[in-house]
Amino acid sequence: MSVSFSARRLRGRGSARLTAGTLVTGIVAATVLAGAGPASAGDPGTMPRHNGAAATIDGLKTYGTAVIHGATGDTQVSAGLFEMSVEGGGMLHTYCVDIHTPTQQDAKYHETAWSGTSLGTNKDAGRILWILEHSYPQVNDLAALAKKAGVRGQLTEQDAAAGTQVAIWRYSDGVDVDALDPQAEQLADYLEKKARKAAEPRASLTLDPPVVAGRPGERLGPVTVRTDARSVTVSPPADAATSGIRVVDAEGEPVTTAGNGSELYVEVPEDAETGTAQLTAQAATSVPVGRALASESRSQTQILAGSSESTVSATASAGWSAEGAIPAVSARENCAAGAVDVTVANHGDAAFAFELAGAEYTVEAGSSHTVTVPLNEDQPYDFTVEGPDGFQQRFTGMLDCRTRAAEVGTTTQTLSGPTPAPVAAPDTDTNLAETGASSITPWITGTAIALVVLGGAGLVLTRRQQGASGDDG
């Protein structure tokens with residue numbers, strides 16, 4: 001790596017703000033901006049894309065009641081298994097890992113690494129995975145589960161779901177919580193005692209790295225497929241037929257299907273003008289148990305307990321230019337550092353100078369540099385990578401890395417009636433949020449939480465370049 005920097009104050013910056021665009025959290029966002037062309041918020045092809053599953057929460061499916069013991073008394077909450085509908089087909093079952101944050105009606109979620117959620121800084125996250133692997137619904141023989149856990153009496157699905165959720169909360173939130181039903185409480189105690197650390201599961205589908213760059217006439221890559229799916233469908237850029245851009249293997253043969261470990265390249269014609277392109281991979285597979293699911297609207301973070309065969313997808317971008325610097329910019333939320341890591345790689349033959357967060361940097365040809373931008377929890381951020389000749393790459397969102405219990409202590413939520421509060425606006429008097437999709441499902445009201453942010457949190461990357469087109473994903 002070769003990089004230099006000098007700190008100085010940025011001039012003409014406004015206060016941090018949320019954009020009106022689509023925002024996401026806990027994901028990798030990446031784009032290539034070839035040459036020195038400027039970036040702009042008006043380009044539609046630069047929105048960040050998800051890796052893996054994207055789903056809408058339908059609400060609690062199977063649940064019982066738990067009791068949170070707090071300094072001001074005991075509070076009852078619903079505890080159990082959520083259901084989500086996957087975009088493109090499929091269903092997910094999840095448990096909550098943030099007991100004091102409401103679940104928003106029809107909230108959108110996306111699969112993400114633990115590092116983009118409170119699990120990334122939780123030393124007991126692996127124990128939560130063990131609980132998921134050794135309880136309901138992964139273990140659906142309830143008689144056998146009850147016998148192994150020493151449960152006295154019949155263990156129903158509601159008991160199993162409530163007991164599992166309570167055990168998870170003890171590790172995810174560190175709260176003093178018990179299941180109301182005796183059988184559910186016995187299961188929760190067993191799971192908490194027996195839980196052992198387990199390794200984080202890998203994503204259902206990713207393309208690594210999410211961005212590559214180089215010269216026209218070259219094969220840009222490789223981009224490696226990481227998946228548990230048996231087969232992945234690979235799609236070239238939308239204008240491949242007219243642009244001559246192809247997705248190929250190392251020998252230059254066209255690729256339409258791939259598997260875990262397959263290496264993909266973007267082949268660009270030698271006479272292609274400066275530009276960008278995107279390749280997409282899609283598969284039908286079960287999402288691994290233990291994968292985190294982050295919300296786009298500050299709804300409760302979830303952890304996967306079970307999955308049907310579901311549609312998952314991932315994208316990667318490629319950029320090229322005949323001369324000069326070829327910067328490739330990507331970003332990842334880093335909850336361990338309370339920051340966003342912005343990586344600038346230079347695939348060209350000239351140095352690339354840029355400015356970010358009050359400092360100037362220079363990345364030499366063939367090198368890369370990561371800048372860690374510290375951020376405040378639950379506070380909107382808005383910063384831009386700026387380079388020569390109008391180059392701009394903007395990052396906007398909100399960091400959501402801590403549970404409410406870690407932020408505000410052990411204030412609780414109580415069961416309430418079935419009147420929903422809109423996701424779009426906070427209610428500073430009562431914060432009702434739907435946790436189920438039918439009239440029989442309880443709602444959770446937060447007694448110390450009065451903020452619901454429209455748009456969610458994430459990274460929005462935009463660009464504009466004369467004489468070039470493409471979808472940067």
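One-based numbering along the sequence shown. Because only heavy atoms are used, hydrogens play no part in the values below, and waters and symmetry mates are left out as well, while side chains stay in.
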Please tell me if the side chains of [X] and [Y] come closer than 4.5 Å, counting only heavy atoms from C-beta onward.
| X | Y | result |
| --- | --- | --- |
| Leu187 | Ser135 | yes |
| Arg202 | Arg226 | no |
| Ile168 | Val97 | yes |
| Tyr265 | Val247 | no |
| Cys96 | Thr103 | no |
| Leu119 | Ile128 | yes |

task: Determine, for Arg402 against Glu377, whether the closest basic-nitrogen to carboxylate-oxygen distance falls under 4.0 angstrom.
output: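 Answer for the salt bridge query: no.
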query: Less than 4.0 Å between a side-chain N and a carboxylate O, is that true for Arg394 and Asp382?
result: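 Yes.
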Just by distance, do the side chain of [X] and the backbone of [Y] share a donor-acceptor pair under 3.5 Å?
| X | Y | result |
| --- | --- | --- |
| Glu192 | Ala167 | no |
| Arg127 | Ala195 | yes |
| Glu200 | Trp114 | yes |
| Arg170 | Val177 | yes |
| Tyr136 | Thr156 | no |
| Asn346 | Ser367 | no |
| Thr343 | Ser330 | no |
| Ser310 | Gly90 | no |
| Gln138 | Ala305 | yes |
| Asp159 | Gly64 | no |

message: Using 30° and 60° as the class boundaries, would you call the ring planes of Phe383 and Phe395 parallel, tilted or perpendicular?
response: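 Judged by the thresholds at 30° and 60°, the geometry between Phe383 and Phe395 is parallel.
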- request: Give the intermediate values and the outcome of side chain to side chain contact (heavy atoms under 4.5 Å, CB included) for residues Gln393 and Phe354.
  value: CA-CA 10 Å; Gln393 187 61 61; Phe354 69 94; over 6 Å; no
message: Evaluate Ser204 against Glu111 for side chain to side chain donor-acceptor pair (under 3.5 Å), listing each step before the verdict.
response: CA-CA 8 Å; Ser204 59; Glu111 180 185 346; 2.7 Å; yes
- request: Just do the side chain to side chain donor-acceptor pair (under 3.5 Å) check on His100 and Asp173 with the steps written out, would you?
  value: CA-CA 9 Å; His100 295 306; Asp173 293 75; 5.8 Å; no
message: Determine whether Asp58 and Ser85 satisfy the following criterion, side chain to side chain donor-acceptor pair (under 3.5 Å), listing intermediate values before the conclusion.
response: CA-CA 7 Å; Asp58 297 329; Ser85 300; 2.6 Å; yes
